[in-house]
Amino acid sequence: DAKTTQPPSMDCAEGRAANLPCNHSTISGNEYVYWYRQIHSQGPQYIIHGLKNNETNEMASLIITEDRKSSTLILPHATLRDTAVYYCIVRVIWGGSQGNLIFGKGTKLSVKP
Amino acid sequence: GAVVSQHPSWVICKSGTSVKIECRSLDFQATTMFWYRQFPKQSLMLMATSNEGSKATYEQGVEKDKFLINHASLTLSTLTVTSAHPEDSSFYICSAGGGGARVNYGYTFGSGTRLTVV
């Protein structure tokens, strides 16, 4: 079972920031938080990941609470092409090994003009 | 970098026939590959995990004799749906991950294969 909970859907106006929350209250010390998105009928696309520090890349920012029990993905200036299902996933990494990805139901983000 | 090619993108087959789906990592060596299935309006469900040169590990409820997985090289994994039935119609997606420095960057997904069994 997925170890995260997300709202099923969200709307965002084009050009505004989209803030997508995720709860992972049972996360353990060696689990990272990953975000992927899936545009209709395509494979998921990696967005960003983090352990405990906030992260930023060209696509998004990831804010992780100090207790690591929740996080927020921020798309700073949403466009219509950001309309997709966004998945928050916790994944184990230890040494050179990696855990698999278990997808929950995700959040369907609709960016509106 | 980190491109995964999945082929075919869609296929229609007759009930009772077998269909093979290929997943290739184009610019890295994939030590681990995963196969997912996705029904309409549902999330991705992990079917199996394969490591190069060893047998695949199937998730509970997935028939290993029906969904044959081969990961004979570090760049190619195949999923064969044997004796396909209409209820096998779904969107099949592979993902691949490398070792070493690539471990932290998650997995790269193929574009998916839409299988329709008639």
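Below, chains carry the letters A, B, ... as their sequence lines are ordered, and counting in each starts from 1.
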Exercise for review: Determine which residues belonging to residues 68-77 of chain B lie within contact range of chain A, meaning some heavy atom pair is under 4.5 Å apart, and list them by number or answer 'none'.
Suggested key: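 If one takes a 4.5 Å heavy-atom cut-off, no residue of residues 68-77 of chain B lies near chain A.
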**Study point:** chain A neighbours within residues 79-87 of chain B, where any heavy atom lies under 4.5 Å away
**Key:**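 Residues qualifying by a heavy atom under 4.5 Å from chain A are absent, so none.
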Practice item. Looking only at non-hydrogen atoms, find the nearest pair between A/Tyr87 and B/Ser43 and report the distance. Key: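 Minimum heavy-atom contact is CE2-OG, 3.4 Å.
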With hydrophobic residues grouped by side-chain heavy-atom distances under 4.5 Å, do [X] and [Y] end up in a single group?
{"X": "A/Val85", "Y": "B/Tyr36", "value": "yes"}
{"X": "B/Tyr58", "Y": "B/Ile21", "value": "yes"}
{"X": "B/Met33", "Y": "B/Met47", "value": "no"}
{"X": "B/Phe67", "Y": "B/Val11", "value": "yes"}

Check your understanding: What part of B/Gln38 gets closer than 4.5 Å to chain A, counting heavy atoms only: side chain, backbone, both or neither?
Key ->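 Contact with chain A is through the side chain of B/Gln38 alone.
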Check your understanding: How would you list all residue pairs meeting side chain to side chain donor-acceptor pair (under 3.5 Å) that involve residues 55-64 of chain A, not counting sequence neighbours?
Key ->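 For residues 55-64 of chain A, and leaving out neighbouring residues, the side chain to side chain donor-acceptor pair (under 3.5 Å) pairs sorted by first residue read A/Thr56-A/Ser61.
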Can you find a pair of side-chain heavy atoms, one from [X] and one from [Y], that are under 4.5 Å apart?
{"X": "B/Gln42", "Y": "A/Phe103", "answer": "no"}
{"X": "A/Pro44", "Y": "B/Leu44", "answer": "yes"}
{"X": "B/Phe109", "Y": "A/Tyr46", "answer": "no"}

Check your understanding: How is the hydrophobic cluster of A/Tyr86 composed, in terms of its other members, when Ile, Leu, Val, Met, Phe, Trp and Tyr link through side-chain heavy atoms under 4.5 Å apart, directly or indirectly?
Key ->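 So far as hydrophobic clustering goes, A/Tyr86 is joined with A/Met10, A/Leu20, A/Ile27, A/Val33, A/Trp35, A/Ile47, A/Ile48, A/Met59, A/Leu62, A/Ile64, A/Leu73, A/Leu75, A/Leu80, A/Val90, A/Leu109, A/Val111.
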Check your understanding: Around B/Lys66, counting heavy atoms of other residues, nucleotides and ligands shown, do more than 12 lie under 6.0 Å from its NZ?
Key ->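 For B/Lys66, atom NZ is crowded (more than 12 foreign heavy atoms under 6.0 Å).
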Review point. Measuring from A/Lys108:NZ to B/Lys41:NZ, what's the distance to the nearest 0.5 Å?
Key: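 Output value for this atom pair is 8.0 Å.
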Review point. What part of A/Gln45 gets closer than 4.5 Å to chain B, counting heavy atoms only: side chain, backbone, both or neither?
Key: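 Nothing of A/Gln45, per the 4.5 Å heavy-atom cut-off to chain B.
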Practice item. Applying side-chain contact (heavy atoms from CB on, under 4.5 Å), run through B/Leu46 and A/Ile102 and close with a yes or a no. Key: CA-CA 7 Å; B/Leu46 180 65; A/Ile102 304 298; 4.1 Å; yes
Exercise for review: Apply the test side-chain contact (heavy atoms from CB on, under 4.5 Å) to residues A/Gln42 and B/Ile93: give CA-CA distance (whole Å), side-chain angles for both, the deciding distance (0.1 Å), then the verdict.
Suggested key: CA-CA 9 Å; A/Gln42 297 182 23; B/Ile93 309 168; over 6 Å; no
